[in-house]
Every structure is written in C-alpha cells, then in structure tokens.
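Worksheet for the structure shown next.
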Amino acid sequence: AEQRGTGISHVRSFNPLRLLSGHNLPEGVSATNLVFFLYQTAFAGMEFTLVFLAKERLGYKPHQMMWIFIFVGLLIALVQGGVVRRLAPRLGERRLIRIGLAMLIPGLLIVGWAPTEIPFYGGLALLAIGSALVSPCLSALVSLYTPADRQGEVLGVFRSVGALSRAIAPVIAGLVFWKLGSQWPYYGSGLVMLAPLLLSGRLSAPPEV
C-alpha cells in the first residue's frame, strides 16, 4: 500500500515537460511514449480539421459528415477486433506499429490532396486501418515493458502523453489550416509521421515473460 501511494504521488508530480523525459520509467517506455506523442499529435491534427476539409473541398453537409465517422469507426472496429488480435502474436507489436505508421503517411497525403470522394475515402481507409494497428499495439508494448507492480503508474503516464498531444494538436493544425490552406495540415502531419516511423524501428524487444 505504501509503495502504491508513492507511485501515484510520482505520477501526479509529472508536468508536460517531464512526460517524455523517461525519468524513472522502465526501459523501452520512454521511446514508446515519444513515438506515441508524435503519432498522436499528427493524427489528432488530422481529426480536428477533417470536417472543415470535407465542407470546404467536397461541400459536405452535416449528414454527410456522419458517414465519414461511420466509415472510419467500422474499419477501426474490424481491424482492432479481428486483425490485430490475430496478427500481434505472429508478427509482434513492433512490426504492426511500423506497418500502421507506414500506412498513415500515404493516407494523410491522399486525404490532403483528394479532389473527389473516391480518393478521399481511400485515404480515410488507410488512416483508419493504420491507426487501428498503431494505437493498441503501442499501449500493449508499454504494458509488456512494464513490471506488473507498476502497470497503473506507467500506463497513466502513457495516457497523459496522449492527452497532451490531443491538447496541442488542434491548435497547431487549426492555425495551419486557416493560414496556409486545407491541404497543409495533412501534408505537415505526413511529414511529422516520418519521425515516429523511423523511431519505431529502434524500439527494443520487450522482456520475455
């Protein structure tokens, strides 16, 4: 009980600048947190500006926006519910993370460029499938790196990294969208996504259970 209280106090002492520092985290977790932060910042910026792009580029009305999120949500559910569960034991989380990140880059570029619905939905499919591979595998990898008695503490830091990225991404993407044009948040996010893709290749293997 005493150790648990100390762990919670430590997590609460984290500030945004220390979330990615790796201070007192198990080996492998800080690198995974950095991959997650960069990926989530790029992806959340796309999410925030997507409805604005659909309205400006394709003239979508509110009921048409609904179909975007139904399409993306169904694909994510199918991939996470079936594909990830089957492939993770065979390929490993690190390989699935790299595959997902590699799909996200062309997905972002296609959505940013798409002049019509067909390429727009093609890009969305890549984004949905890529994110469905990356997000659960990063979370699983952090859990695999972490001893059982520190799971709550370390996963709490992981979730805080995600919250931080979701707080700053809309501000950055919104400014880029309205200052530079509707395509630039997607081209910029595609460029940012190269960083977690390269970093993911250096993630260490989790310890054997």
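Values below: every heavy atom of this structure, side chains too, minus hydrogens, waters and symmetry copies. All of these numbers come straight from a predicted model, not from anything done at the bench.
- In terms of heavy atoms, L127 sits closest to L104 at O-CD2, 3.5 Å.
- Hydrophobic clustering (side-chain heavy atoms under 4.5 Å, transitive across Ile, Leu, Val, Met, Phe, Trp, Tyr) groups L108 together with W113.
- Side-chain atoms of Q151 come within 3.5 Å of backbone atoms of T146 as a donor-acceptor pair (strictly under, hydrogens ignored).
- Taking all atoms of both residues into account, the shortest heavy-atom contact from G162 to Q40 is O-CG, 4.1 Å.
- Shown here for L101 and P196, the closest heavy-atom pair between the two residues is CD1-O, 3.5 Å.
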**Item:** Stepwise side chain to side chain contact (heavy atoms under 4.5 Å, CB included) check, Y60 with E117
**Value:** CA-CA 10 Å; Y60 270 24; E117 281 188 319; 2.4 Å; yes

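- A donor-acceptor pair is defined here as one N or O able to donate and one able to accept, closer than 3.5 Å; no such pair exists between the side chain of Y145 and the backbone of S30.
- Annotation: the span from I168 atom CD1 to T41 atom OG1 amounts to 4.5 Å, rounded to 0.5 Å.
- Under a 3.5 Å cut-off, the side chain of S139 and the backbone N or O of P136 do not form any donor-acceptor pair.
- Using a 4.5 Å cut-off between side-chain heavy atoms of Ile, Leu, Val, Met, Phe, Trp and Tyr, with links allowed through other members, L58 and W67 fall into the same hydrophobic cluster.
- Residues V72 and M66 are members of one and the same hydrophobic cluster, defined by side-chain heavy-atom contacts under 4.5 angstrom among Ile, Leu, Val, Met, Phe, Trp and Tyr.
- Put simply, the side chain of T116 does not reach to within 4.5 Å of the side chain of F120, judged on heavy atoms.
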**Item:** Pair I70-L74, side chain to side chain contact (heavy atoms under 4.5 Å, CB included): steps then yes or no
**Value:** CA-CA 6 Å; I70 290 174; L74 283 175; 3.9 Å; yes

**Request:** Carefully, step by step, assess F52 and W178 under the rule ring pair (Phe, Tyr, Trp, His ring centres under 6.0 Å).
**Result:** CA-CA 10 Å; F52 303 116; W178 284 294; 5.0 Å; yes

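- Across all their heavy atoms, W184 and L180 have their closest contact at CD1-O, 3.2 Å.
- L141 CG to T32 OG1: the interatomic distance, rounded to the nearest 0.5 Å, is 4.5 Å.
- Residues L126 and V192 do not share a hydrophobic cluster, defined by chaining ILVMFWY side chains whose heavy atoms lie under 4.5 Å apart.
- Contact record, T49 with G174: CG2-N, 4.3 Å, taken as the closest heavy-atom pair.
- Annotation: the span from L50 atom CG to Y186 atom OH amounts to 4.5 Å, rounded to 0.5 Å.
- Among residues at least two apart or in separate chains, there is no salt bridge (charged side-chain N to carboxylate O under 4.0 Å, His left out) pair with a member in residues 55-79.
- What you find for A132 and Q80 is that their closest heavy atoms are O-CG, 3.4 Å.
- Rounding to the nearest 0.5 angstrom, the gap separating the OH atom in Y187 from the CG atom in L109 is 7.5 Å.
- Taking the side chain to side chain contact (heavy atoms under 4.5 Å, CB included) definition, one finds that L75 meets it with F71, A125, A128, sequence neighbours left out.
- Atom CE in M103 sits 9.5 Å away from atom OG in S131 (nearest 0.5 Å).
- Atom CG of residue L197 and atom CD1 of residue I105 lie 5.0 Å apart, to the nearest 0.5 angstrom.
- Side-chain contact between V84 and V79 is present, with heavy atoms from C-beta onward closer than 4.5 Å.
- Using cut-offs of 30° and 60° for the angle between ring planes, the F36 and F158 rings count as parallel.
- Side chains of Y39 and S165: no donor on one and acceptor on the other come within 3.5 Å.
- Under a hydrophobic-cluster definition in which Ile, Leu, Val, Met, Phe, Trp and Tyr are linked whenever side-chain heavy atoms come within less than 4.5 Å, directly or via other members, L175 and F48 are assigned to different clusters.
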